[in-house]
Protein chains: 2
Amino acid sequence: MHAQPTDPVDTIVEQWARVRPDLDTRAMEVFGRIFRLSRAMGDRMERAYRPYGISRGEFDVLATLRRSGEPYTLSPRELSATLMLTTGGTTGRLDKLERAGLLRRSPDPHDRRGLKVTLTEEGLRLIDEAVGAGLAEESAALTALDAEQAGQLADLLRKLLATTAE
Amino acid sequence: MHAQPTDPVDTIVEQWARVRPDLDTRAMEVFGRIFRLSRAMGDRMERAYRPYGISRGEFDVLATLRRSGEPYTLSPRELSATLMLTTGGTTGRLDKLERAGLLRRSPDPHDRRGLKVTLTEEGLRLIDEAVGAGLAEESAALTALDAEQAGQLADLLRKLLATTAE
DNA sequence: AATAAGTAGCTTAGCGCTAAGCTACTTACG
DNA sequence: CGTAAGTAGCTTAGCGCTAAGCTACTTATT
């Protein structure tokens with residue numbers, strides 16, 4: 001056993017142990033930390049993307065289009081599904097990104113109900129820079145662990161996510 | 001090496017490898033999963049608290065008061081700090097919980113600027129049930145891992161959180 | 001060919017948060 | 001003792017999301 005540094009979740013667990021010693025708080029040791037890390041890193045990512053004039057949500061739209069490969073085109077429906085967003089939320093993000101000139105909407109030639117959303121040259125250039133900045137931020141945070149620990153952590157999280165997130 | 005199940009983050013990492021093989025996506029294997037787990041479990045917790053008529057944010061208020069021990073009293077300021085919330089956000093949560101009869105606000109006898117927020121009997125009863133339901137939900141999700149893995153995961157997350165979340 | 005059912009994307013109302021600014025009060029200082 | 005600076009909690013405007021409902025169009029059924 002190594003000495004562990006103390007974190008805010010340890011404090012909360014101790015408080016519960018004092019007032020409700022009957023509770024089994026082991027699951028909180030995992031999920032309490034996941035919630036806090038998600039929030040803290042979310043804030044850091046928001047800051048990392050700010051120089052590019054986009055929010056984290058907008059980054060996700062551009063990144064999804066970029067990852068899909070040439071011609072960097074998806075339908076709003078596909079974007080809604082991938083981004084786990086309602087159609088209303090998707091409309092809002094697309095509006096903002098289209099106004100900024102980072103993507104454009106055009107009619108789907110095969111289905112007159114639908115649209116195609118395509119990255120512009122400027123959108124492609126911007127996302128290719130921003131994705132590097134985002135990964136740099138995440139990599140910096142991960143230096144808290146050595147390579148083996150990071151790999152272990154990724155594996156444990158994969159197992160948990162695969163089972164949990166239906 | 002064991003065969004790993006595939007999860008959505010693996011798919012995203014593969015997509016990036018195809019279109020941008022120069023990127024080092026190892027940090028994404030950790031944080032991408034943390035973001036997704038946080039969202040998925042957050043939704044599950046929201047559902048777990050719904051039978052008690054409270055949201056996750058409102059649960060956090062009641063739980064913070066409960067953990068503080070008798071007489072279950074804190075100032076709005078202390079709650080804002082613990083919950084990482086602006087005073088405006090705190091005011092809103094307290095309004096709703098006070099209307100529901102789960103806590104009450106009273107003047108601070110030592111500082112006429114301030115208030116004391118105290119759990120009512122009903123609030124105490126409710127949070128003592130709800131905290132059990134919440135932990136049950138988290139424990140159920142965690143059965144994806146055996147006890148040793150869960151402990152390992154908690155330790156790795158502690159180390160990451162202690163360094164990352166300033 | 002007519003019609004019912006399904007689907008795509010947009011609009012609107014409502015919710016919970018933040019940022020900024022307010023009043024009321026307290027503390028520190030000359 | 002008087003004034004400046006600080007602090008507590010609330011209010012308001014604005015933001016991004018969801019849920020629900022809309023129109024336009026497509027697909028399946030007869």
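Numbered from 1 within each chain, the chains take letters A, B, ... in sequence-line order. Everything numeric here is computed off the predicted structure, so don't read it as measured data.
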Considering just the side-chain nitrogens and oxygens of [X], establish if one lies under 4.0 Å of OP1 or OP2 belonging to [N].
X	N	result
Arg112(A)	dT7(C)	no
Arg113(B)	dG6(D)	no
Arg56(A)	dC15(D)	no
Arg77(A)	dG9(C)	yes

Between [N] ([atom2]) and [X] ([atom1]): distance, integer Å:
X	N	atom1	atom2	value
His110(B)	dT7(D)	NE2	P	20 Å
Arg50(A)	dC15(D)	CZ	C1'	13 Å
Lys116(B)	dG9(D)	NZ	P	13 Å
Arg93(A)	dC17(D)	CZ	C1'	9 Å

### Task
Look at all strands and tell whether Asp108(A) reaches a base, only sugar-phosphate, or nothing, counting heavy atoms closer than 4.0 Å.
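Answer is nothing: Asp108(A) stays at 4.0 Å or more from every strand.
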### Query
So what does Gly92(B) hit on the nucleic acid, given a heavy-atom distance under 4.0 Å: a base, only sugar-phosphate, or nothing?
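It contacts nothing in the nucleic acid.
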### Query
Between Glu58(B) and Arg93(B), is there a side-chain N and carboxylate O pair less than 4.0 Å apart?
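Answer for the salt bridge query: no.
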### Side chain Thr86(B) and base dC17(C) donor-acceptor under 3.5 Å
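Between dC17(C) and Thr86(B), which were checked side chain against base, a qualifying N/O pair under 3.5 Å is absent.
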### Complement of dC22(C), any strand, by Watson-Crick or G-U distances under 3.5 angstrom
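With both distances under 3.5 Å, dC22(C) matches dG9(D).
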### Query
Cluster question for you: counting only ILVMFWY and a side-chain heavy-atom cut-off of under 4.5 Å, with indirect links fine, are Met41(B) and Met84(B) together?
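The answer is no; the residues belong to distinct hydrophobic clusters.
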### Message
Under 3.5 Å, is there a donor on one side chain and an acceptor on the other for Ser80(A) and Thr87(A)?
### Response
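Per modelled atom types, Ser80(A) and Thr87(A) side chains form no pair under 3.5 Å.
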#### Entry: Listed nucleotide nearest any side-chain atom of Leu85(A), set dC17(D), dC10(D), dT18(C)
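Of all the options, the side chain of Leu85(A) is nearest to dC17(D).
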### Message
Let's see if you can work this out: which of dT26(C), dT26(D), dG9(D) has an atom nearest to the side-chain heavy atoms of Ser75(B)?
### Response
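Out of dT26(C), dT26(D), dG9(D), the nucleotide with an atom closest to Ser75(B)'s side chain is dG9(D).
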### Query
With a distance cut-off below 6.0 Å to the six-membered ring centre and an angular limit of 45° from the axis, does Arg56(B) pair with Phe35(A) as a cation-pi contact?
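Judged by the rule, Arg56(B) and Phe35(A) form a cation-pi pair.
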